[in-house]
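Have a look at the structure below, then the notes.
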Amino acid sequence: MGEVVKDGREDVIQAWYMDDSEEDQRLPHHKDPKEFLSLDKLAELGVLSWRLDADNYETDEELKKIRESRGYSYMDFCEVCPEKLPNYEEKVKSFFEEHLHTDEEIRYCVAGSGYFDVRDRNEAWIRVWVKKGGMIVLPAGIYHRFTVDSDNYIKAMRLFVGEPVWTPYNRPHDHLPARKEYVDNFVKVNGGGAIDASA
């Protein structure tokens with residue numbers, strides 16, 4: 001048997017199925033026993049991920065290649081922490097409302113960490129923990145939400161194709177073309193069943 005090659009992305013991005021607890025949204029919310037999901041399985045839901053060099057993002061050739069190949073012409077930074085974000089507690093609560101966007105959501109964590117939660121094909125929540133060096137792309141039309149973790153700090157690069165549109169459409173917005181396209185491309189494929197987390 002060959003050696004299992006470790007996915008370097010898993011040092012900076014981890015995914016697991018969430019429990020149903022109503023406790024603080026900033027806690028990990030692991031099931032018991034824990035139920036992790038590979039990043040390749042996450043990609044089956046359209047969620048893409050990379051591990052990049054966050055200490056050298058200004059000169060990182062890999063980031064440059066990704067931006068060029070995917071057309072990410074716009075870039076800015078967002079810092080989510082009590083010191084930098086006015087009305088911090090209300091903002092964190094609003095980011096945690098389940099919503100979708102009509103364009104991709106691209107976030108590259110250059111400092112700190114946070115949770116991006118996405119729905120699987122059976123509506124179960126998957127928590128995606130993104131740490132420094134992790135970059136993820138949530139496809140247009142996927143229902144998701146965001147929260148900081150218990151460290152209360154993330155600095156993320158936000159990327160966008162063309163002029164940014166940050167409009168969140170809180171659930172339900174199933175009638176939007178972006179949602180219908182997402183369902184056709186990622187939910188209805190393979191019979192729309194559950195993702196096998198063990199694979």
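Heavy-atom basis, side chains included; hydrogens, waters and symmetry copies ignored. The residues of the chain are indexed from 1 along the displayed sequence.
In summary, K6 and D11 engage in a salt bridge, as defined by a charged side-chain N under 4.0 Å from a carboxylate O. Ion pairing between R171 and E97 fails under the 4.0 Å rule for side-chain N and carboxylate O. We find that R26 and E89 are joined by a salt bridge, their nearest charged nitrogen and carboxylate oxygen being less than 4.0 Å apart. Looking at K41 and E44, a side-chain N of the basic residue comes within less than 4.0 Å of a carboxylate O on the acidic one, giving a salt bridge. Note on D117 versus R145: salt bridge recorded, some NZ/NE/NH1/NH2 to OD/OE distance being below 4.0 Å.
Here the CZ atom belonging to R119 is positioned 10.0 Å from the OH atom belonging to Y143, to the nearest 0.5 angstrom. A distance of 9.0 Å separates OH of Y115 from NZ of K131, quoted to the nearest 0.5 Å. Here CG of L159 is found 9.5 Å from OG of S73. Values are rounded to the nearest 0.5 Å.
Outside the 6.0 Å centre-distance limit, the rings of H173 and H99 are not counted as a close aromatic pair.
Taking the centre and axis of the six-membered ring of W50, the NZ or CZ atom of R9 falls outside the cone set by 45° and 6.0 Å.
Few gaps surround NZ on K91; more than 12 heavy atoms of other groups in view lie less than 6.0 Å from it.
A side-chain N or O of E105 and one of H144 form a donor-acceptor pair less than 3.5 Å apart.
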Between F77 and Y57, is a ring-ring contact (aromatic ring centres under 6.0 Å, His included) present by the stated rule, with each step listed? CA-CA 12 Å; F77 289 93; Y57 59 79; 5.3 Å; yes
Assess whether side-chain hydrogen bond (donor to acceptor under 3.5 Å, both in side chains) is satisfied between D76 and Y74, documenting all intermediate values. CA-CA 7 Å; D76 73 2; Y74 174 91; 2.7 Å; yes
Carefully, step by step, assess E104 and R70 under the rule salt bridge (charged side-chain N to carboxylate O under 4.0 Å, His left out). CA-CA 11 Å; E104 289 179 339; R70 299 185 66 84; 2.7 Å; yes
In sequence, state the C-alpha distance, the side-chain angles, and the governing distance for E83 and Y88, and then conclude on side-chain hydrogen bond (donor to acceptor under 3.5 Å, both in side chains). CA-CA 8 Å; E83 299 77 25; Y88 176 73; over 6 Å; no
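Inter-residue side-chain proximity for I66 and Y72 is flagged as met; some heavy-atom pair is nearer than 4.5 Å. Side-chain contact between Y169 and L176 is present, with heavy atoms from C-beta onward closer than 4.5 Å.
The minimum heavy-atom distance between D151 and S113, with the atom names listed, is OD2-OG, 4.3 Å.
Using cut-offs of 30° and 60° on the angle between ring planes, the pair F36 and W16 is perpendicular. Between W166 and F160, the ring planes lie perpendicular to each other; the angle is over 60°, past the 30° to 60° tilted range.
Under a hydrophobic clustering in which Ile, Leu, Val, Met, Phe, Trp and Tyr are joined whenever their side-chain heavy atoms come within less than 4.5 Å, directly or via other members, Y108 and I13 fall into different clusters.
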